[in-house]
Amino acid sequence: MSIQIVMMLPPKAASVSLARHTLAGALKVADVTPECIDESEVAISEACTNVFDHAAAGQNFEVLINVGEVELTMHILDSGPGFPRGPPP
């Protein structure tokens with residue numbers, strides 16, 4: 001089984017909730033354990049919340065979710081400037 005989800009979301013708190021609930025629903029369909037679902041919900045919530053701190057103001061962000069047979073991948077993409085190159089300060 002493979003489930004793929006792509007969402008373009010506005011930078012609003014409700015978008016984090018939508019991404020989290022969509023992910024949980026997909027994982028339930030794939031018969032993933034409740035513990036893994038909980039951990040995945042935390043991960044996607046934290047990633048989406050980071051968009052508010054680092055994305056360009058007012059720009060939508062993209063959430064890509066791929067539930068495979070043995071792995072889950074999530075990509076949260078925004079149009080922010082990114083982090084400066086080089087060693088941390």
Side-chain angles (χ1 to χ4, degrees):
M1 170 189 297
S2 177
I3 299 171
Q4 295 180 325
I5 299 166
V6 178
M7 296 183 284
M8 291 295 295
L9 301 171
K12 297 181 178 182
S15 296
V16 176
S17 179
L18 176 60
R20 185 177 61 249
H21 291 298
T22 301
L23 172 63
L27 294 176
K28 287 175 186 171
V29 168
D31 293 324
V32 173
T33 65
E35 296 88 20
C36 287
I37 292 173
D38 291 345
E39 290 177 15
S40 299
E41 285 182 293
V42 170
I44 200 166
S45 293
E46 290 179 4
C48 289
T49 300
N50 282 338
V51 168
F52 301 125
D53 294 332
H54 304 292
Q59 295 293 314
N60 290 346
F61 65 100
E62 189 170 1
V63 177
L64 309 169
I65 299 168
N66 185 19
V67 181
E69 290 292 327
V70 295
E71 70 181 9
L72 165 67
T73 57
M74 299 180 288
H75 298 273
I76 313 304
L77 309 169
D78 66 60
S79 59
F83 297 102
R85 293 184 179 231

For H21, enumerate each residue passing the side-chain hydrogen bond (donor to acceptor under 3.5 Å, both in side chains) test, keeping only those at least two apart in sequence or located in another chain.
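If we apply the side-chain hydrogen bond (donor to acceptor under 3.5 Å, both in side chains) test to H21, skipping adjacent residues, the hits are S17.
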What pair of heavy atoms forms the shortest contact from [X] to [Y], and how long is it?
{"X": "M74", "Y": "A43", "value": "CE-CB, 4.0 Å"}
{"X": "V32", "Y": "C36", "value": "CG1-CB, 3.4 Å"}
{"X": "V16", "Y": "C48", "value": "CG2-CB, 3.9 Å"}
{"X": "I5", "Y": "A26", "value": "CD1-CB, 3.8 Å"}

State the [atom1]-[atom2] distance between [X] and [Y], to the nearest 0.5 angstrom.
{"X": "E46", "Y": "R20", "atom1": "CD", "atom2": "CZ", "result": "11.5 Å"}
{"X": "N60", "Y": "L77", "atom1": "CG", "atom2": "CG", "result": "12.5 Å"}
{"X": "N66", "Y": "L72", "atom1": "CG", "atom2": "CG", "result": "8.0 Å"}

Check step by step if side-chain contact (heavy atoms from CB on, under 4.5 Å) holds for V6 and E62.
CA-CA 7 Å; V6 178; E62 189 170 1; 3.6 Å; yes
Could you work out, with side chain to side chain contact (heavy atoms under 4.5 Å, CB included) as the rule, every residue matching S15, not counting sequence neighbours?
L9, P10, K12, F61
For A47, enumerate each residue passing the side chain to side chain contact (heavy atoms under 4.5 Å, CB included) test, keeping only those at least two apart in sequence or located in another chain.
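Partners of A47 by the side chain to side chain contact (heavy atoms under 4.5 Å, CB included) criterion, ordered by chain and then number, come out as I76.
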Just so I know, are the side chains of I65 and I44 near enough to count as touching, which here means a heavy-atom distance under 4.5 Å?
yes
Would L27 and V67 count as a side-chain contact (heavy atoms from CB on, under 4.5 Å) here? Give the steps.
CA-CA 7 Å; L27 294 176; V67 181; 3.8 Å; yes
Kindly work out whether a path of hydrophobic side-chain contacts (I/L/V/M/F/W/Y, heavy atoms less than 4.5 Å apart) joins V29 to M7.
yes
